[in-house]
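Every value quoted in this text rests on a predicted model; they were computed, and no experiment measured them.
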Protein chains: 2
Amino acid sequence: MTLQTESLLDSIQAAETLEAFQTATEDLRDALAVKHVVYHWVNSIGERFGAGTYSSDWVDRYLEKDYLRLDPVIFGCFQRFTPVNWKQLDWSSKGAKAMFLDALDYGLGNQGYTIPIRGPNGQFALFTLNADMDDDKWDAFIDKHGRELVLLGHEFNRKALEFEQGKETVAAPTLSPREQAAMTAMAKGYSRAQAAADLGISEHTLRVYIEAARHKLGALNTTHAVARALSSGLIIV
Amino acid sequence: MTLQTESLLDSIQAAETLEAFQTATEDLRDALAVKHVVYHWVNSIGERFGAGTYSSDWVDRYLEKDYLRLDPVIFGCFQRFTPVNWKQLDWSSKGAKAMFLDALDYGLGNQGYTIPIRGPNGQFALFTLNADMDDDKWDAFIDKHGRELVLLGHEFNRKALEFEQGKETVAAPTLSPREQAAMTAMAKGYSRAQAAADLGISEHTLRVYIEAARHKLGALNTTHAVARALSSGLIIV
DNA sequence: GCCAGCCTCGCTATTTTTGGGGAGGGTATA
DNA sequence: TATACCCTCCCCAAAAATAGCGAGGCTGGC
């Protein structure tokens with residue numbers, strides 16, 4: 001790891017504001033001499049958070065044309081665990097080709113490398129480098145920096161999660177052991193009768209736990225409670 | 001990054017057999033002069049895969065006593081994105097304390113550092129270092145190697161996924177858009193009537209989606225289906 | 001053209017879950 | 001020694017989910 005990478009990691013870690021976060025992507029772009037560096041995160045509700053050096057024109061264009069749905073990069077990253085080199089993806093579909101040409105028009109380079117990053121609760125983020133060079137140079141570049149990029153991507157993600165969590169500060173409730181067990185049994189698909197038998201208690205007692213958990217979790221029904229318990233990491237199936 | 005780390009990464013990457021994978025954990029243990037190095041993976045269906053230097057006695061003990069359910073390390077990693085230093089966890093519960101002492105009896109060191117790793121389809125893996133040293137030394141150790149450990153953990157995970165995919169893993173079912181929407185609505189705690197109204201369809205139609213998703217997911221009831229969809233990463237709430 | 005898969009809607013009846021109301025004993029913490 | 005929280009059990013009535021039987025139209029691939 002070069003000293004440069006170390007100091008970039010430190011500067012990301014030290015970022016206290018979104019501006020500093022944004023600056024870090026720009027610094028990284030300059031340090032690596034690439035065209036673009038982008039960190040980007042989307043959840044199911046459509047909330048997004050991101051920073052990077054793409055022009056706002058391109059971002060708008062991307063959203064307007066709903067490229068998210070046909071972008072081979074997104075698709076590839078969803079399926080893989082490992083980083084994706086754009087040129088190894090399948091760009092054969094008509095929509096994908098059009099998108100690629102469009103991207104070049106909007107100032108993107110022809111080469112790209114995107115690292116998928118996953119976090120708790122199904123969080124999914126992308127860390128992308130984009131540059132303009134021929135294949136050989138690009139391969140050498142990736143070969144040289146690939147591992148450090150993984151670290152940088154994770155550091156961006158860690159910081160992004162920090163910003164997001166700072167917004168909400170929802171105190172996660174705690175479940176008593178029996179409540180946990182009850183929720184776990186529900187998550188396993190047991191009926192109340194089965195679950196009660198499994199725990200060696202009466203069905204009525206089991207119900208009390210489920211209701212307690214429901215209330216603690218602020219859930220509307222059992223399914224909701226299980227969903228919340230799961231995505232808060234309170235239970236593991 | 002030290003040359004040593006580079007060569008370890010390369011040796012993991014080069015591993016062709018489970019034996020080589022196992023050897024890599026042992027090499028890493030020796031290189032870092034720690035007591036244990038463990039890579040461990042569990043998916044939503046409960047399939048397991050792991051390699052490491054824990055004694056089989058301890059692994060058996062862990063499973064037998066169902067420590068998975070009360071291990072603060074597991075709990076901490078599920079909730080966090082970042083690595084966890086064992087000593088910063090909450091070991092105050094009786095069960096956790098007993099487990100910790102038990103672990104020492106079985107040859108584990110008093111310090112630990114575990115990196116959570118997440119992949120596609122809700123895959124969740126842990127990469128753990130365990131050692132016997134005082135707090136100051138351990139902190140210095142983590143400070144020095146933390147970032148490289150993230151890389152090593154990911155490399156182990158990449159390799160593990162390779163092995164798993166080689167043996168034809170259980171194909172994760174795919175949900176149609178409407179089925180996804182129905183599952184998401186259920187996970188949000190909507191009643192069928194509410195969910196149907198939300199999707200602008202009849203309650204009966206909604207039911208068809210829910211049942212289809214249940215069958216695809218091999219679930220016993222709606223709660224079970226939602227739990228599976230969530231932990232497979234098919235839906236995000 | 002056919003088949004598979006998706007999307008949409010209807011009916012009836014049974015089983016299960018939920019929402020209220022209770023009660024008593026235990027343990028731990030303040 | 002209170003107070004809080006956890007564990008356990010019970011009844012009743014209403015709401016919701018499940019199981020089974022149907023139907024037709026649409027798309028996209030072989």
Can a donor-acceptor pair be found between the side chains of B:N221 and A:Y190 at a distance below 3.5 Å?
no
Parallel under 30°, tilted from 30 to 60°, perpendicular over 60°: which one fits the rings of B:F49 and B:W41?
perpendicular
What class does the angle between the rings of A:H36 and A:Y54 fall in, given that below 30° is parallel, 30 to 60° is tilted and above 60° is perpendicular?
perpendicular
Walk along nucleotides 23-30 of chain C from 5' to 3' and tag each nucleotide B, S or - by protein heavy-atom contact under 4.0 Å, base first, then sugar-phosphate.
--------
Does B:R118 offer a backbone N or O that forms a donor-acceptor pair with the side chain of A:R118 under 3.5 Å?
no
So, B:R158 and B:E162, do they make that salt bridge, N to O below 4.0 Å?
yes
Among A:D139, A:D136, A:D134, salt bridge (Lys or Arg N to Asp or Glu O under 4.0 Å) partner for A:K87
A:D139
Within residues 205-221 of chain A, those residues having any heavy atom closer than 4.0 Å to DNA chain C are A:R207, A:E211, A:R214, A:L220
Counting only side-chain N and O atoms of B:S176, is one of them less than 4.0 Å from OP1 or OP2 of C:dG5?
no
Where does the angle between the aromatic ring planes of A:F156 and A:Y39 fall among parallel (under 30°), tilted (30 to 60°) and perpendicular (over 60°)?
parallel
Basic-acidic side-chain contact under 4.0 Å: A:E203, A:R207
no
Sequence neighbours excluded, the answer for side-chain hydrogen bond (donor to acceptor under 3.5 Å, both in side chains) partners of A:Y209 is none
Is it the case that the ring center of B:H154 lies less than 6.0 angstrom away from the ring center of A:F81?
yes
Value in whole Å for how far the P atom of C:dC7 lies from CG of B:L175
10 Å
Any side-chain donor near an acceptor of the partner, A:D102 and A:Y67, under 3.5 Å
yes
Heavy atom of residues 197-204 of chain B under 4.0 Å from DNA chain C: which residues?
B:I201, B:S202, B:H204
For the helix from C:dG1-D:dC30 to C:dA30-D:dT1, measure the angle between the helix axis at one end and the axis at the other, each built from five pairs, rounding to 10°.
70°
Just checking, any donor-acceptor pair under 3.5 angstrom between side chains of B:W138 and B:N85?
yes
DNA chain C-proximal residues of residues 182-193 of chain A, any heavy atom under 4.0 Å:
A:S191, A:R192
